[in-house]
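Each remark here refers to the structure printed beneath this line.
Please read these numbers as outputs of a predicted model, since none were measured by experiment.
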Amino acid sequence: MSKSVFGIATTQGQAERIIDRLQSQGFAASEISVLLPDASGTGDFGHVKSSKASEGVTAGVTTGGVAGGAIGLLAGIGALAIPGVGPFIAAGPIMAALSGAALGATTGGIVGGLIGLGIPEIEAKRYEEKLKKGNYLVSVRTDDGDEIDRAKAIFKDLGAEDISTVSEASVPAK
């Protein structure tokens, strides 16, 4: 069973430094996720709708825009309109959780998607509030205890807030 390490970055620069460090320490880009509010309103992202929740939604970046650098290089990047919460940009495994059936969960929105990833409801609500304030949620899937420790150290080293580790038993297989 894989686990994920989650943390909040307060700026795009901090989120990109975390992503860069994770990659330079051997974590695959396909295992790194980021979720951020899309306050740009620039329409820099193409939208692709999918009815297959397990496959998620993939959308391509059409210009550098808000998701340049490390964030723009992550897999499955796209824009989501989350009812009651607003527009978000997501990339990586978190994209499937938020674009699929989780949005229809009874809790709904970001909280429902995060709960679907194995995050306890109280933490999911705290992450949603931080996202609404313009912060970035960064996560990485890990396979063993050593990877968890390395990932947590990276998040801590680079000043991430609200660092947590969760089991991902309910995440759809790739």
Side-chain angles (χ1 to χ4, degrees), residues 1-37 53-59 61 66-78 80 88-102 105 107 110-131 133-174:
M1 177 186 322
S2 69
K3 293 183 181 261
S4 284
V5 177
F6 287 84
I8 292 288
T10 57
T11 66
Q12 180 174 339
Q14 182 185 34
E16 290 190 352
R17 285 189 297 278
I18 292 168
I19 293 165
D20 284 338
R21 179 85 55 89
L22 288 167
Q23 289 177 325
S24 72
Q25 294 295 314
F27 293 96
S30 62
E31 299 300 325
I32 300 170
S33 293
V34 66
L35 179 64
L36 59 135
S54 65
E55 293 177 15
V57 174
T58 54
V61 176
V66 70
I71 294 173
L73 298 176
L74 295 178
I77 193 165
L80 300 171
F88 280 81
I89 297 169
I94 202 167
M95 183 66 170
L98 292 175
S99 63
T107 308
I110 294 172
V111 172
L114 294 177
I115 290 171
L117 288 172
I119 295 175
E121 184 174 356
I122 193 162
E123 285 184 51
K125 287 179 178 179
R126 185 173 58 239
Y127 284 148
E128 181 181 63
E129 286 305 311
K130 292 207 176 225
L131 285 163
K133 293 177 181 175
N135 293 292
Y136 296 63
L137 179 63
V138 181
S139 70
V140 62
R141 282 187 179 171
T142 60
D143 290 323
D144 61 44
D146 289 339
E147 284 186 349
I148 291 168
D149 293 342
R150 282 190 307 126
K152 287 172 92 172
I154 290 167
F155 279 84
K156 186 177 178 184
D157 246 18
L158 294 172
E161 301 173 358
D162 296 316
I163 302 166
S164 65
T165 304
V166 298
S167 294
E168 290 192 354
S170 61
V171 174
K174 292 187 200 179

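- Between the CD1 atom of Ile32 and the CG atom of Asp20 there is a distance of 9.0 Å, given to the nearest 0.5 Å.
- Here the shortest heavy-atom pairing between Ala9 and Gln14 reads CA-OE1, 3.1 Å.
- For the side chain to side chain contact (heavy atoms under 4.5 Å, CB included) test, no residue two or more places apart in sequence or in another chain qualifies with Asp149.
- Contact check on Glu129 versus Lys133 returns no salt bridge, with no Lys/Arg side-chain nitrogen under 4.0 Å from an Asp/Glu carboxylate oxygen.
- In plain terms, the two heavy atoms of Ser4 and Thr142 that are nearest each other are N-OG1, 4.5 Å.
- Listed by chain and number, the residues in a salt bridge (charged side-chain N to carboxylate O under 4.0 Å, His left out) with Arg150 amount to none (sequence neighbours excluded).
- Among residues two or more places apart in sequence or in another chain, the salt bridge (charged side-chain N to carboxylate O under 4.0 Å, His left out) test is passed with Lys152 by none.
- From Glu128, atom CD reaches atom CG of Asn135 across 13.0 Å, with rounding to the nearest 0.5 Å.
- Under the side chain to side chain contact (heavy atoms under 4.5 Å, CB included) criterion, Ala28 pairs with Ser30, Glu31, sequence neighbours left out.
- Annotation for Phe6 and Phe155: closest pair C-CE2, 4.1 Å, computed over non-hydrogen atoms.
- Under the side chain to side chain contact (heavy atoms under 4.5 Å, CB included) criterion, Asp144 pairs with Asp146, Glu147, not counting sequence neighbours.
- Val140 and Ala151 make their closest contact through CG1-CB, 3.7 Å (heavy atoms, listed as atom of the first residue, atom of the second, distance).
- Side-chain N or O atoms of Asp162 include none that pairs as donor or acceptor with a backbone N or O of Ile8 at under 3.5 Å.
- A search for side chain to side chain contact (heavy atoms under 4.5 Å, CB included) contacts involving Ala124 returns Val111, Leu114, Ile115, Ile119, not counting sequence neighbours.
- Here the straight-line distance linking atom CD1 of Ile154 with atom CD1 of Ile19 works out to 12.0 Å at 0.5 Å rounding.
- Within the model, atoms OH of Tyr136 and CD of Glu161 stand 14.0 Å from one another, a figure rounded to the nearest 0.5 Å.
- Nearest approach of Gly134 to Pro37, heavy atoms of both residues: CA-CG, 3.7 Å.
- The two residues Arg141 and Phe27 come nearest to each other via the heavy atoms O-CD2, 4.3 Å.
- Residues Ser33 and Leu137 form no side-chain contact, since every pair of their non-hydrogen atoms from C-beta on lies 4.5 Å or further apart.
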